[in-house]
*Asks:* 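Questions regarding the structure given below will be posed in turn.
In each ligand, atom 1 is the first atom listed, and ligand 1 is the first ligand listed.
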Amino acid sequence: MLAPIAGFTDSPYRRIARRHGAGLVVTELVSAEGIVRMNRKTRDLLGFSDEERPIAVQIFGNGPDIMADAAAVVEELGPDMIDINMGCPARRVCASGSGAALLLDPNKIRAVTESIVKKVRIPVTAKIRIGWDVDTLTYRDTVRALEDAGVSLIFVHGRTRAQQYGGRADWNVIREIVEMTAVPIVGNGDIRSFTDAHERMAFSGCPAVMIGRGAIGNPWIFSGRTPTSAEVITQIKEHLDMMIDAYGDWGIMLMRKHFVRYIHAFRGAKKIRKEIVVSNDRDEIHEILDSLISA
Ligand SMILES: Cc1cc2nc3c(=O)[nH]c(=O)nc-3n(C[C@H](O)[C@H](O)[C@H](O)COP(=O)(O)O)c2cc1C
């Protein structure tokens, strides 16, 4: 499954991940308050196409009422699931009691989740971390609260909030969670290859795993295939064209961070990287990319 990465796993990239075999994709976190007000930015974040299915829309917020209202609006858009963000470590998000801050309050987790489960007909999932910091590993209470509230599945990122994205994900804890609950658990954290994914599933007993950073610039991680240089170039060009379709010329700017991830392992990448991230011209970028294969 493709993990949500804000700013990267938008509709074009989710389609690419599905084409390469990702079993489920998730939108980046979308604010429940934003959804209820439904401004332009929120509408863009919530957009998806049928090709992305099955897709979960991820929402964040801090109260049972606002979250249930947002979930009802989201359900109308027709996603396959609604996911509750309980892992975002950002100060701005946690300060309002949302994201990873929920991990400190199992009663609130129960209330928020229950209100959403009651409000919508589609499955409700949650994406959690294992705790706030090493001294506050809250996963047992979190998982019990989610179970009580009736979630259909839990994504577990094996880090604490304090770790942010550093250190290592703790797959021993993920395995312990699989053993303590009947709710399906999808493990997440530090999967860098197709082989890693299968090793982590075997180790933890998770029926599926979720891949974030390891999938950026490498959608082949979902199939286990090693692409030829020509295939990589074709994929980048197609991705660029999908970005332009989705965002107009702004899509070229947004594509720059993806270029770097796709080409970092190529011979001659350094030189063309400089050219490619300053070009605003689709045809010129295609030519620069083609020069990589002949290099
Ligand atoms: C830049 C960035 C943005 C992220 N955005 C989200 C998000 O919107 N929602 C979410 O649940 N997790 C988000 N995550 C966390 C990832 O989904 C994932 O749990 C984490 O990166 C660990 O998995 P990985 O090692 O496979 O990347 C984000 C991570 C990064 C690095």
Side-chain angles (χ1 to χ4, degrees), residues 1-11 13-14 17 22-32 34-35 41-42 44-46 48 55-61 67 70 74 79 81-94 98-103 109 113 124-131 139 142 146 151 153-171 173-174 177 185-201 204 206 208-222 254 256-258 260-261:
M1 299 178 174
L2 176 67
I5 301 275
F8 284 88
T9 58
D10 56 358
S11 176
Y13 196 68
R14 294 193 300 261
L24 174 81
V25 298
V26 187
T27 67
E28 70 177 70
L29 77 176
V30 189
S31 148
I35 291 168
K41 169 113 173 52
T42 305
D44 287 351
L45 288 176
L46 291 172
F48 63 87
I55 180 169
V57 168
Q58 186 185 72
I59 63 176
F60 76 96
M67 289 290 269
V74 168
M81 307 176 196
I82 292 178
D83 182 60
I84 310 168
N85 180 303
M86 301 188 181
C88 181
R91 212 173 289 278
R92 182 173 47 81
V93 171
C94 290
S98 312
L102 283 169
L103 302 172
I109 288 181
T113 309
V124 176
T125 64
K127 184 158 174 287
I128 68 169
R129 287 182 180 243
I130 61 177
Y139 60 90
T142 300
L146 290 170
V151 286
L153 185 152
I154 305 171
F155 303 104
V156 182
H157 176 195
R159 285 190 174 79
T160 61
R161 188 260 178 182
Q163 280 180 286
Q164 307 261 339
Y165 300 100
R168 288 171 76 181
D170 189 336
W171 281 83
V173 168
I174 295 175
I177 295 174
I185 300 298
V186 174
N188 165 244
D190 303 340
I191 293 172
R192 292 291 171 185
S193 69
F194 188 75
T195 312
D196 274 358
H198 284 274
E199 281 173 6
R200 297 288 154 84
M201 282 192 275
S204 63
C206 288
V209 289
M210 181 173 240
I211 307 174
R213 291 166 297 179
I216 306 302
N218 183 20
W220 296 272
I221 199 168
F222 295 110
L254 294 175
R256 288 178 180 168
K257 58 196 171 191
H258 289 278
V260 186
R261 307 297 286 265

*Asks:* Using the test side chain to side chain contact (heavy atoms under 4.5 Å, CB included), find all partners of A56 that sit at least two apart in sequence or belong to another chain.
*Replies:* V26, M81, D83
*Asks:* How about F60 and L102: do any of their side-chain heavy atoms sit closer than 4.5 Å?
*Replies:* no
*Asks:* Hey, is NZ on K41 packed in by over 12 heavy atoms from elsewhere, all under 6.0 Å?
*Replies:* no
*Asks:* Tell me if a side-chain donor or acceptor on R168 pairs with a main-chain N or O of G158 at a distance below 3.5 Å.
*Replies:* no
*Asks:* Could you list the residues that satisfy salt bridge (charged side-chain N to carboxylate O under 4.0 Å, His left out) with R14, not counting sequence neighbours?
*Replies:* E52
*Asks:* Can you list the residues that meet the salt bridge (charged side-chain N to carboxylate O under 4.0 Å, His left out) rule with D190, with sequence neighbours excluded?
*Replies:* R159, R213
*Asks:* Near ligand 1, which protein residues have a heavy atom under 4.0 Å away?
*Replies:* A3, P4, I5, A6, E28, L29, Q58, N85, K127, H157, Y165, N188, G189, D190, I211, G212, R213
